[in-house]
Asks: 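The structure follows.
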Number of protein chains: 2
Amino acid sequence: MKDKATSFDIAYRAGVSQSTVSRALRNSPLVNEATRTKIQAIAKELNYKVDKNASNLRTQQSDTIALLLFEDPTNDDSAINPFFLSMLGSITRACSNKGYDLLVSFQQASDDWHADFEDSNKADGLILLGYGDFVDFEEKLVQLTEQGTHFVRWGAEVEDLSLVSIGCDNFQGGKEVTEHVINQGRKNIAFLGSASSHAPEFFDRYKGHCEALKSHNLTVNPELQFNALYTEEAGYKAACRLIESNESFDAICAASDLIAIGAMRALKEHGKSIPEEVTVAGFDDIAIASFTFPPLTTVKQDTKIAGEMLVESLLKLIAGEDVSTSLIKPELVVRKSCGE
Amino acid sequence: MKDKATSFDIAYRAGVSQSTVSRALRNSPLVNEATRTKIQAIAKELNYKVDKNASNLRTQQSDTIALLLFEDPTNDDSAINPFFLSMLGSITRACSNKGYDLLVSFQQASDDWHADFEDSNKADGLILLGYGDFVDFEEKLVQLTEQGTHFVRWGAEVEDLSLVSIGCDNFQGGKEVTEHVINQGRKNIAFLGSASSHAPEFFDRYKGHCEALKSHNLTVNPELQFNALYTEEAGYKAACRLIESNESFDAICAASDLIAIGAMRALKEHGKSIPEEVTVAGFDDIAIASFTFPPLTTVKQDTKIAGEMLVESLLKLIAGEDVSTSLIKPELVVRKSCGE
DNA sequence: CTGAAAGCGCTTACAG
DNA sequence: CTGAAAGCGCTTACAG
């Protein structure tokens, strides 16, 4: 491998100063047209690329965004949650489109992740994405804000904290899907998913769920809510508890598709037909949802739009513009798991 | 936001020189224990982080790897292929474990992607991942090699090119799955997937497929091979062509799970029962494969191991060690789409 | 329009 | 064990 060319090499060949080379390569209008053309030709010929470490050091910005995907530590080695994987893809694409590079990092318990990337000048800003106990997480958000770090996060809006969140309107989504289930004639509807401030997204979906029940004059039976977090296994177990509880139920609204899929597995094992005996609905619309049997009725969170909004909001924030928290509209996707 | 602290700020507070600060923070054995402790305490207090641009510029390395995911340009805005998405996740995790950062970039037609990251000193090496016409792609690989870029790629081994590839033993996988189908009593087995050097992975799977047929004294009928590339839609269309061809067939081996899923859709639409009338097998074992109806028998490519091997091989390469191309063992995953 | 020069914040050979 | 100094490769105010 030959040594990399520097701007001095180009200057030498072009018979100009290194400053002029730098200007020409940045398309500065200060530089003479002919000189610029010549310099750019030489640069191309030498396969020259501006050294990003040097230019970033000089300009104190990196044109790079860091994506921190934090996960439940219990979930160590297993597959990444498909919804977040899809977000990862969409954010990567949105960054490419904006000419930014994306540094991706998975975070576990490490307690100083919050600042590393921006403080070490590797990224101009951060996108936070993931799950885990929100109460623990909140402290870190406060720290980040205090340090003046530029960041946006995916998730539910947080009261009393002035940070930019992009999230799905979970309340609305939970309400719409439950209304659909009610319209299919179901009355005893269980909710599988944690309903506490430790998992605010799920909690909002549950609140929307309850709202739908109330507005249709159905009673909210707390015995029909079972906690479950982020895995298919959690959904399976919650459904087993529901079945063994002897509460009567004819429908399940799950706080996520993965939970719904686990619930379907439990129902099948217990000989319950879907959707005849029990209908099942999910949330997220991950790719798998179209392929379950029966295909899963769910609420789509548009990851493509979400990724674009996260990136755009962060870039505005970095540019010093005002950015407001915003909600993405959920969309009911009717398949067959709640009847035709 | 207060200004970031530099090593000079720390030096000032600690009453030592900046060189000593730098040494202490890098845990150099040269530095006195007490001095080091003191300096590190101050650094922590000031929330100091080494400026990576400066240190990378100085050391000429970045502790960063770039992942280039190139895609078929026709596939512009749709979802990313789930198999590659899963690889992305596993590579990210493997990098984290090794203490490297990962720069992710999607590449389309752009014709000078090959060098950008390493030449601009943003990354120490490259991982190439993706699909598209291999013949076009090959030229770029040659260029990369000539420039002395450090890179590894996921994919089939390439003769005559000395580059490091990590890939699945596609021949073996194609052979095993076909043998399974034969053992289920099927004789007229169609293959859905391109069989040409433009898609070497698929081609190898097809070769393994043919080998299995031959070794069981079944004739290879070229009329039963239909081209299809990387999408569910392509699989659907190929299966339609198969059905309309009036060739008789009782089984389909697909070159990927996505193709298999598309084929299942076509079969169902044409009223063919799976697995009774036609069995279907895929390749990859993407997450969706367990949830199709019936669940898809397929060949697993272990993305977790693959990601680790790609990262480890690249790090060795960067360190100047010899690395050999290697193959990952495929694993037959029997579900119900080929009968019990 | 161009050049000489300073400086971004580190790491590390050199000298002690 | 520690410090003074050079230098990594750029960008950009300053002077012309």
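Just so it is clear, the values below take in all heavy atoms, side chains as well, and ignore hydrogens, waters and symmetry mates. Residue numbering restarts at 1 for every chain, and letters A, B, ... go by the order of the sequence lines.
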Asks: Taking for each residue the nucleotide of DNA chain D with the nearest heavy atom, is it B/Gly15 or A/Tyr48 whose nucleotide lies nearer the 5' end?
Replies: B/Gly15
Asks: What integer distance in Å separates A/Asn56:CG from D/dC8:P?
Replies: 18 Å
Asks: Could you report the tightest heavy-atom contact between A/Ser324 and A/Val164, atom names first, then the distance?
Replies: O-CG1, 4.3 Å
Asks: Rounded to the nearest Å, what distance is computed from the CG atom of residue A/Leu30 to the P atom of nucleotide C/dA4?
Replies: 17 Å
Asks: If the cut-off is 4.0 Å, is B/Gln60 near the phosphate of D/dG9, judged by side-chain N/O to OP1 or OP2?
Replies: yes
Asks: Could you please name the option among D/dC10, C/dC10, D/dT12 that lies closest to any side-chain atom of A/Ser55?
Replies: D/dC10
Asks: So what does B/Arg26 touch, heavy atoms closer than 4.0 Å: a base, only the sugar-phosphate, or nothing?
Replies: sugar-phosphate
Asks: Does a donor on one side chain sit under 3.5 Å from an acceptor on the other, for A/Asn56 and A/Ser62?
Replies: no
Asks: Are side-chain N/O atoms of B/Asn121 and A/Asn53 paired as donor and acceptor at under 3.5 Å?
Replies: no
Asks: Let's see if you can work this out: which of D/dC8, D/dT2, C/dT2 has an atom nearest to the side-chain heavy atoms of B/Leu57?
Replies: D/dC8
Asks: Which heavy atom of B/Gly125 sits nearest a heavy atom of B/Leu314, and at what distance?
Replies: C-CD2, 3.8 Å
Asks: What is the distance from CG of A/Asp51 to C1' of C/dC8, rounded to the nearest Å?
Replies: 13 Å
Asks: To the side chain of A/Val16, which of C/dG3, D/dG9, C/dT2 is closest?
Replies: C/dG3
Asks: Go through the side-chain N and O atoms of A/Ser19 and A/Ser22 and say whether any donor and acceptor fall under 3.5 Å apart.
Replies: no
Asks: Given atom NZ of B/Lys122 and atom P of D/dG9, what is their separation to the nearest angstrom?
Replies: 18 Å
Asks: Using the closest heavy atom to pick a nucleotide of DNA chain C for each, name whichever of B/Phe8 or A/Glu33 lands nearer the 5' end.
Replies: A/Glu33
Asks: If the C1' atom of C/dT12 is compared with that of C/dG16, how far apart are they to the nearest Å?
Replies: 16 Å
Asks: Which nucleotide in the set C/dA13, C/dG9, D/dC10 lies at the smallest distance from any side-chain heavy atom of B/Arg23?
Replies: C/dA13
Asks: Is C/dA13 paired to anything, Watson-Crick or G-U wobble with both distances less than 3.5 Å, and if yes, which nucleotide?
Replies: none
Asks: With no hydrogens and no angle check, just 3.5 Å: does a side-chain donor-acceptor pair link A/Ser165 and A/Thr325?
Replies: no
Asks: Rounding to a whole Å, what distance do you find between A/Gln18:CD and D/dC8:P?
Replies: 12 Å
Asks: Does a side-chain N or O of B/Ser7 approach OP1 or OP2 of C/dC10 to a distance below 4.0 Å, or not?
Replies: yes
Asks: Starting at OH of A/Tyr12 and ending at P of C/dG3, how long is that distance when rounded to a whole Å?
Replies: 15 Å
Asks: Just checking A/Thr59: base, sugar-phosphate only, or nothing, at a heavy-atom cut-off of under 4.0 Å?
Replies: sugar-phosphate
Asks: Atom NZ of B/Lys52 to atom C1' of D/dC10: distance rounded to whole Å?
Replies: 20 Å
Asks: Could you tell me the separation between the CD atom of A/Gln61 and the P atom of D/dT11, rounded to a whole number of Å?
Replies: 11 Å
Asks: Looking at C/dG3, I'd like to know if its phosphate oxygens (OP1 or OP2) sit under 4.0 Å from a side-chain N or O belonging to A/Thr20.
Replies: yes
Asks: For A/Ser22, answer base if it contacts any base atom (sugar-phosphate contacts may also be present), sugar-phosphate if it contacts only those atoms, and nothing otherwise; contact means non-hydrogen atoms under 4.0 Å.
Replies: base
Asks: Classify the side chain of B/Arg58 and the base of D/dG9 as holding, or not holding, a donor-acceptor pair under 3.5 Å.
Replies: no
Asks: Taking only side-chain N and O atoms of A/Ser19, does any of them lie within less than 4.0 angstrom of OP1 or OP2 on D/dT11?
Replies: no
Asks: Under 4.0 Å, heavy atoms only, any strand: does B/Thr6 hit a base, just the sugar-phosphate, or nothing?
Replies: sugar-phosphate
